[in-house]
Student: 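Have a look at this one before I ask anything.
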There are 2 protein chains.
Amino acid sequence: MSNPTTTVSMRPPLGCAAVMMQVLRGELRERELPFTHQREAIAQVLFESTRHLSADDVAAALRQRGEHAGKATVYRTLALLVELGLAAEHDFDEGFKRYETQVGAAQHDHLICTECGRVSTFHHPELDRILAEVAAEKGFETITRQVKVFGTCSESATCREAQRTYRETGPIS
Amino acid sequence: MSNPTTTVSMRPPLGCAAVMMQVLRGELRERELPFTHQREAIAQVLFESTRHLSADDVAAALRQRGEHAGKATVYRTLALLVELGLAAEHDFDEGFKRYETQVGAAQHDHLICTECGRVSTFHHPELDRILAEVAAEKGFETITRQVKVFGTCSESATCREAQRTYRETGPIS
DNA sequence: AGCGGATTGAGAACCGGTCTCGAAACCGAT
DNA sequence: ATCGGTTTCGAGACCGGTTCTCAATCCGCT
């Protein structure tokens, strides 16, 4: 048994964003795709954020850092990150997409408040099992899945109010 | 004990579409909304189809019947049917929405083949339980939910081929 | 530094979907 | 049946997110 206080690696903690950036660099190299300044900057913004960012949010964040990337580049890069498995794309029915860092295969799902727009996440291991079962049963090879629960949260007074109204009157008021 | 061959109702079978149309008529009356020719025609198209129709599909189906309704009317009517709970809206990541008849509260979920576009449905009772649990735990009042599994089906040779390729090479080929 | 090929960016194009507002349809009451 | 007030309808303008275009630029390698 090894001494629990002994660590194998003494590398200084890089932080999640830095690790992700290393991974990105490697993935690009492997595919012989250039690691451009824009790709770095856009990935940086995404990796350092814990929120779900729209393409516009990313562009705004870049501007705030004194960086700049064309609209087309932002979209292209986000699509690339999704392809590489480093980002996940979400559609919360707002009329546009949102993106977030995807660390490994750590699947999680979303609760979306239709009142205030807050998005909270959850992970339920049984979900994975059930969906895998269903797919297997149907001869389906799963690539990805989306589980979204729309409703009203209880974070703010207005949302709690909406909850009450909804419970009383149903979908049409 | 009643004779099992005795039926309570002797009404001739109307067919699902006709029943749905009766329900629509009732819902509109109840809300004092006019039962217009266009609303009838659009609902008819949807109720008689077992597929997931886009707004464009609906317009095309109308044309084929010699009917016609403006784009705005098609969208407005589909939105109305959703509000009334007679239709369900789906987003299969195609860049537009699809609609299908919603009979009662029979929730079901979708497997979407990214190769051929086929959509198959499933219902797993445990899903309802799990999602209700999660919502309750977070103080969330559910309005609706979406469970979508994207992947490749085994219906056609090309899809099975894609399955094999995907299993071997992962998301990027 | 120089080369070949991929990326970038400004803006146009695209495309679902929504909005506008005069014309037409609906429906209950006369 | 018809009248009138109210609602819906429809053609097309409009909107906003996303993709496309293509010349200029950048990347990575020697």
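In this text the structure is predicted, and so the values were computed from the model without any measurement. Here is how names work: the chains are called A, B, and so on, in the same order as the sequence lines, proteins then strands, and each is numbered from 1.
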Student: Is there a chain of hydrophobic side chains (I, L, V, M, F, W, Y, each step under 4.5 Å between heavy atoms) that links Phe35(B) to Ile42(B)?
Tutor: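 In one cluster: yes.
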
Student: May I ask whether Leu28(A) and Val23(A) are part of the same hydrophobic cluster, defined by side-chain heavy atoms of I, L, V, M, F, W, Y residues being less than 4.5 angstrom apart, directly or through others?
Tutor: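 Yes, Leu28(A) connects to Val23(A) through the hydrophobic network.
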
Student: Under 3.5 Å, which donor-acceptor pairs link side chains of residues 59-76 of chain A to any protein atom two or more places apart or in another chain?
Tutor:
| from | atom 1 | to | atom 2 | distance (Å) |
| --- | --- | --- | --- | --- |
| Arg65(A) | NH2 | Glu48(A) | OE1 | 2.6 |
| Glu67(A) | OE1 | His37(A) | NE2 | 2.9 |

Student: Residues two or more places apart in sequence or in another chain: which of them pass side chain to side chain contact (heavy atoms under 4.5 Å, CB included) with Thr158(B)?
Tutor: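 Per chain and number, Thr158(B) pairs via side chain to side chain contact (heavy atoms under 4.5 Å, CB included) with Ser156(B).
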
Student: By the salt bridge (Lys or Arg N to Asp or Glu O under 4.0 Å) test, which pairs, at least two apart or in different chains, include something from residues 130-147 of chain A?
Tutor: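 Every salt bridge (Lys or Arg N to Asp or Glu O under 4.0 Å) pair that includes a residue of residues 130-147 of chain A, provided the two are not neighbours, is Asp109(A)-Arg145(A), Asp128(A)-Arg145(A), Arg129(A)-Glu133(A), Glu141(A)-Arg167(B).
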
Student: Report the residues that fulfil salt bridge (charged side-chain N to carboxylate O under 4.0 Å, His left out) with Glu161(B), sequence neighbours left out, ordered by chain and then residue number.
Tutor: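 By the salt bridge (charged side-chain N to carboxylate O under 4.0 Å, His left out) rule, Glu161(B) matches Arg164(B).
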
Student: Output the rounded distance in Å from CD (Glu94(A)) to C1' (dG17(C)).
Tutor: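 To the nearest whole Å, that distance equals 16 Å.
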
Student: Asp56(A) has an atom CG; how far is it from atom P of dT19(D), in whole Å?
Tutor: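 One finds 14 Å between P of dT19(D) and CG of Asp56(A), rounded.
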
Student: What's the CG-P distance between Leu28(B) and dC9(D), to the nearest Å?
Tutor: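 So the CG-P distance, Leu28(B) to dC9(D), works out to 10 Å.
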
Student: Taking the inter-plane angle between the rings of His90(A) and Phe92(A) on a 0 to 90° scale, is it parallel (under 30°), tilted (30 to 60°) or perpendicular (over 60°)?
Tutor: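 Aromatic pair His90(A)/Phe92(A) classed parallel.
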
Student: Heavy atoms only, 4.0 Å cut-off, all strands: where does Tyr75(B) land among base, sugar-phosphate and nothing?
Tutor: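 Since a base atom lies under 4.0 Å of Tyr75(B), the category is base.
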
Student: Within the structure provided, determine whether Val149(A) and Val134(B) are in side-chain contact (heavy-atom separation under 4.5 Å).
Tutor: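 No; the side chains remain at least 4.5 Å from each other.
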
Student: His90(B) NE2 to dG16(C) C1': how many Å, rounded?
Tutor: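 The answer, rounded to whole Å, is 18 Å.
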
Student: Bend across the helix from dA1(C)-dT30(D) to dT30(C)-dA1(D), to 10°, with axes taken over 5 pairs at each end?
Tutor: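 Overall, the helix from dA1(C)-dT30(D) to dT30(C)-dA1(D) bends by 30° from one end axis to the other.
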
Student: In the 5'-to-3' direction, what one-character label does each nucleotide of nucleotides 4-14 of chain C receive under the scheme B = base within less than 4.0 Å of a protein heavy atom, S = sugar-phosphate only, - = no such atom?
Tutor: --SSBBB-B--

Student: To the nearest Å, give me how far apart OH (Tyr99(A)) and P (dT18(D)) are.
Tutor: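 To the nearest whole Å, that distance equals 6 Å.
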
